Amino acid sequence: MEKAPIPLAGAPIIVSALFGAEDAAFLTGLRRAHFPFERNHLDAHLTLFHHLPPSIESELKHRLAQGTRGVTPPRASLAGLMSLGRGVAFRVESPELEAIRESLRDAFAPLLTPQDAGGWRPHVTIQNKVEPGIARALKTDLEADFRPRLLAIAGIGCFYYRGGPWEPISRHMFA
């Protein structure tokens, strides 16, 4: 049974890092190859917040514009692979991106869901909702050739979540 779309006025906001073109293509290619087709409605992404109230949209956009305009992109790297139990993700390390997220978390603390208020484990999911054995096999396969690599963070995007693909609100690009 398909869920009814969430009306625009009540749609929660998702905040996600935006990758540079080369990294976006690499990670999305892996996601398309390994994520169950019928469940894969998104390109590869690095979620900073999963469910912000739509009432903060204006303030959020203002803070992101101030925090990105003329600012050097945060350094980031794909540091390893992690098991999601029924999937696989790349673990991301970026103290600078974590600082940006902490600043937003502090600003909106009373409005955050428990998931967004808690600790953040930055990662890019490339497979999910598969049998655990399939996930373990992919992780083993990817680990055989894995080398840490830089990850280009080009900006931060805001999106409405209305039950399916994310609906773009705004993009805030680093210098």
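Count residues from 1 along the sequence. Just so you know, these numbers come straight off a predicted model, no measurement behind them.
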Engineer: Do side-chain atoms of D23 reach the backbone of I153 as a donor and acceptor pair under 3.5 angstrom?
Structural biologist: no
Engineer: Indicate the atoms forming the closest heavy-atom contact of P54 with P12, along with that distance.
Structural biologist: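 Distance-wise, the nearest heavy atoms are CD-CA, 4.4 Å.
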Engineer: To the nearest 0.5 angstrom, please state how far the CZ atom of F146 sits from the CZ atom of F90.
Structural biologist: 6.0 Å
Engineer: If you measure only the distance, is there a donor-acceptor pair under 3.5 Å linking the side chains of R31 and N40?
Structural biologist: yes
Engineer: Could you give me the CA-CA distance, side-chain angles and deciding distance for L48 and L97, then say whether side chain to side chain contact (heavy atoms under 4.5 Å, CB included) is met?
Structural biologist: CA-CA 9 Å; L48 278 71; L97 191 58; 4.3 Å; yes
Engineer: Within 45° of the ring axis of Y160 and under 6.0 Å from its six-membered ring centre, is that where the NZ or CZ of R162 lies?
Structural biologist: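 The answer is no; the distance or angle limit is not met.
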Engineer: Run the side chain to side chain contact (heavy atoms under 4.5 Å, CB included) test on I134 and Q127 for me, step by step, so that the C-alpha distance in whole Å, both residues' side-chain angles and the decisive distance to 0.1 Å come before the verdict.
Structural biologist: CA-CA 10 Å; I134 294 170; Q127 181 189 63; 3.8 Å; yes
Engineer: Got a second to check how far L46's CG is from L78's CG, nearest 0.5 Å?
Structural biologist: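 So the CG of L46 and the CG of L78 are separated by 9.5 Å.
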Engineer: Check whether F49 forms a cation-pi arrangement with R101 (NZ or CZ under 6.0 Å from the six-membered ring centre, at most 45° off the ring normal).
Structural biologist: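 Yes - R101 lies over the ring of F49, closer than 6.0 Å to its centre and within 45° of its axis.
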Engineer: Donor-acceptor pair, distance only, cut-off 3.5 Å: does the side chain of D43 make one with the backbone of T28?
Structural biologist: no
Engineer: Can you get from V15 to V71 by hopping between Ile, Leu, Val, Met, Phe, Trp and Tyr side chains that sit under 4.5 Å apart?
Structural biologist: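 Yes, V15 connects to V71 through the hydrophobic network.
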Engineer: Kindly determine whether L52 and L112 satisfy side chain to side chain contact (heavy atoms under 4.5 Å, CB included), including the steps that lead there.
Structural biologist: CA-CA 6 Å; L52 296 177; L112 299 180; 3.3 Å; yes
Engineer: Let me confirm one number: the CG-SG distance from L18 to C158, rounded to the nearest 0.5 Å.
Structural biologist: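 One finds 9.0 Å between CG of L18 and SG of C158.
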Engineer: Which pair of non-hydrogen atoms, one from P73 and one from A175, has the smallest distance, and what is that distance?
Structural biologist: CD-O, 3.5 Å
Engineer: Are the side chains of L81 and L138 in touch, meaning some heavy atoms are under 4.5 Å apart?
Structural biologist: no
Engineer: Are R149 and F26 close enough that some pair of their side-chain heavy atoms sits under 4.5 Å apart?
Structural biologist: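 Sidechains of F26 and R149: in contact.
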Engineer: Tell me whether R91 contacts the main-chain N or O of A79 through its side chain, where contact means a donor paired with an acceptor under 3.5 Å.
Structural biologist: yes
Engineer: What about I126 and F35, same hydrophobic cluster or not, with Ile/Leu/Val/Met/Phe/Trp/Tyr joined at side-chain heavy-atom distances under 4.5 Å?
Structural biologist: no
Engineer: What closest approach, in Å, do S16 and F159 show between heavy atoms, and which atom pair accounts for it?
Structural biologist: CB-CE1, 4.1 Å
Engineer: For A99, does its backbone N or O pair with a side-chain atom of S103 as donor and acceptor, under 3.5 Å?
Structural biologist: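 Checked: no pair found.
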Engineer: Less than 4.5 Å apart, any side-chain heavy atom of I13 and any of E57?
Structural biologist: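 Counting from C-beta outward, I13 and E57 do come under 4.5 Å.
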Engineer: Side chains of R63 and F108: does their closest heavy-atom pair fall under 4.5 Å?
Structural biologist: yes
Engineer: To the closest 0.5 Å, what do you measure between OG1 (T72) and CD (E96)?
Structural biologist: 8.5 Å
Engineer: Which atom names give the shortest non-hydrogen contact between Q66 and R69, and what distance separates them?
Structural biologist: NE2-NH1, 3.8 Å
Engineer: Can you tell me if CD on E22 sees more than 12 non-hydrogen neighbours from other groups inside 6.0 Å?
Structural biologist: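 No - once you tally the heavy atoms of other residues, nucleotides and ligands closer than 6.0 Å, there are 12 at most.
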Engineer: Considering all heavy atoms of both residues, which atom of A44 and which atom of F19 are nearest to each other, and what is their separation?
Structural biologist: O-CE1, 3.6 Å
Engineer: Could you see if V124 belongs to whatever hydrophobic cluster contains L84? Use Ile, Leu, Val, Met, Phe, Trp, Tyr and a side-chain cutoff under 4.5 Å.
Structural biologist: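 Each belongs to a different hydrophobic cluster.
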Engineer: Should V88 and H34 count as side-chain neighbours, where that means a heavy-atom distance under 4.5 Å?
Structural biologist: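 A side-chain contact under 4.5 Å is absent here.
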Engineer: Say whether, by atom type as modelled, one donor and one acceptor occur between the side chain of E93 and the main chain of S77 under 3.5 angstrom.
Structural biologist: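 No, E93 side chain to S77 backbone: no donor-acceptor pair under 3.5 Å.
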Engineer: Is there a side-chain contact between E98 and P122 (heavy atoms, below 4.5 Å)?
Structural biologist: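 Yes - at least one pair of side-chain heavy atoms lies under 4.5 Å apart.
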Engineer: Side-chain heavy atoms under 4.5 angstrom apart, residues restricted to Ile, Leu, Val, Met, Phe, Trp, Tyr: same cluster for M82 and L142?
Structural biologist: no
Engineer: Testing the basics here: between P36 and V130, what is the closest heavy-atom pair and its distance to 0.1 Å?
Structural biologist: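 Looking at all heavy atoms of both residues, the closest pair is CG-CG1, 3.7 Å.
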Engineer: Check the pair R105, W120 against side chain to side chain contact (heavy atoms under 4.5 Å, CB included), reporting the backbone distance first and the verdict last.
Structural biologist: CA-CA 10 Å; R105 185 191 66 202; W120 185 50; over 6 Å; no
Engineer: Rounded to the nearest 0.5 Å, what separates atom OG in S94 from atom CG in L151?
Structural biologist: 8.0 Å
Engineer: So, taking the atom named CD1 in I56 and the one named CG in L111, what distance separates them when rounded to the nearest 0.5 Å?
Structural biologist: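 Between atom CD1 of I56 and atom CG of L111 there are 6.0 Å.
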